[in-house]
Amino acid sequence: MDSSVPVAIVMIGPPGSGKGTQSSKLSAFLGIPKISTGDILRQVASGSSRNSEEIRAIMETGGLVPDSILADLVTSRLSEPDCKKGFILDGYPRNIDQVIFLESLLQVKNYKLLVVEIAVPEDVLLKRVTGRFSCRGCGAIYNKYFLRPRNEKICDQCGSADFAYRSDDNELVVRERLREYTLQTLPVLDYYKAKHLLVSVDGNRSLDEVYDELTCHLSKVL
Ligand code: AMP
């Protein structure tokens, strides 16, 4: 890949598509930061700033946090020096207004934009998301349908018996997040497709298979 051209990679996928994991692997491989708006918002929500309460309430019900809040967070994060060589956006933009805002931000910087969709059927997503839990000791991720610890109650990695479910991972909230995805984010995919910026990857396979296809696509365009 030509590392002299700064790249803006946008990762789009429904909740549970694995876009976060793929973004992390890609970030390590390309040596550019992964910027997850979900992670940033969770951090703000757990603090006590002016917006924390509002953000917490929205995230708990699976809705989208207002564009103006995202605009400030993204503008400030993208202006940090580690983004100069490029960055991977995980979870932004999620609607057409955010697309337009990102375009205005990227216009002033000279990035090559590439958008990746990770597509996964809805029934698989529901199991992935509702079954997901993690070890509080080391952060290892498990799934009660697809990936249990070898010993039911003990983390394979660190031996802890303390596991956590994300508070927004119950089925009702997941369905709401999928509804938001269909309504707000599918038009974003159509928009980028029409501009020939979209690469679509079949996400209903193992992490390694998805990652191989992703890097294969990227090596052709970067
Ligand atoms: P994620 O970790 O990407 O699944 O995001 C978790 C939650 O954070 C979402 O369900 C939204 O409530 C909020 N969120 C993350 N990114 C955005 C965004 N670009 N626009 C609005 N809300 C967002």
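Just follow the structure's listing: the first ligand is 1, and inside any ligand the first atom is 1. Owing to the predicted nature of the structure, the values given are computational and were not obtained by experimental measurement.
Residue Gly63 has at least one N or O atom closer than 3.5 Å to an N or O atom of ligand 1. Checking only distances, Arg94 does come within under 3.5 Å of ligand 1, N or O to N or O. Between Gly91 and ligand 1, a contact under 3.5 Å exists for at least one N or O pair. In terms of N/O distances under 3.5 Å, ligand 1 is approached by Arg177. Among the atoms of Tyr92, none of the N or O lies under 3.5 angstrom from an N or O of ligand 1. Looking at Asp90 next to ligand 1, no N or O pair under 3.5 Å apart turns up.
Considering CD1 of Ile55 and CD of Gln43, their distance stands at 11.0 Å, rounded to 0.5 Å.
The distance from ligand 1 to the heavy atoms of Leu41 drops below 4.0 Å at these ligand atoms: 8 (O), 13 (C), 14 (N), 15 (C), 23 (C). The Thr37 neighbourhood of ligand 1 comprises atoms 15 (C), 16 (N), 17 (C), 19 (N), with distances under 4.0 Å to a heavy atom of that residue. Of all atoms in ligand 1, listed by their number and element, those nearer than 4.0 Å to a heavy atom of Gln98 are 18 (C), 19 (N), 20 (N), 21 (C).
Closest heavy-atom contact between Ile88 and Ser23: CD1-O, 3.8 Å.
Counting non-hydrogen atoms of other residues, nucleotides and ligands closer than 6.0 Å to CG of Asn110 gives a total of 12 or fewer.
In this structure, a donor-acceptor pair under 3.5 Å is present between the side chains of Glu209 and Ser206.
If you look at Val65 next to ligand 1, the close heavy atoms, those under 4.0 Å, come from the backbone and the side chain alike. In Glu180, neither the side chain nor the backbone holds a heavy atom less than 4.0 Å from any atom of ligand 1. Of the heavy atoms in Lys19, only side-chain atoms (C-beta onward) come closer than 4.0 Å to ligand 1. Of the heavy atoms in Leu70, only side-chain atoms (C-beta onward) come closer than 4.0 Å to ligand 1.
Under 4.0 Å is where a charged nitrogen must lie from a carboxylate oxygen, and between Asp208 and Lys25 at least one such pair does. Salt bridge status for Arg148 with Glu152: present, with a side-chain N to carboxylate O gap under 4.0 Å.
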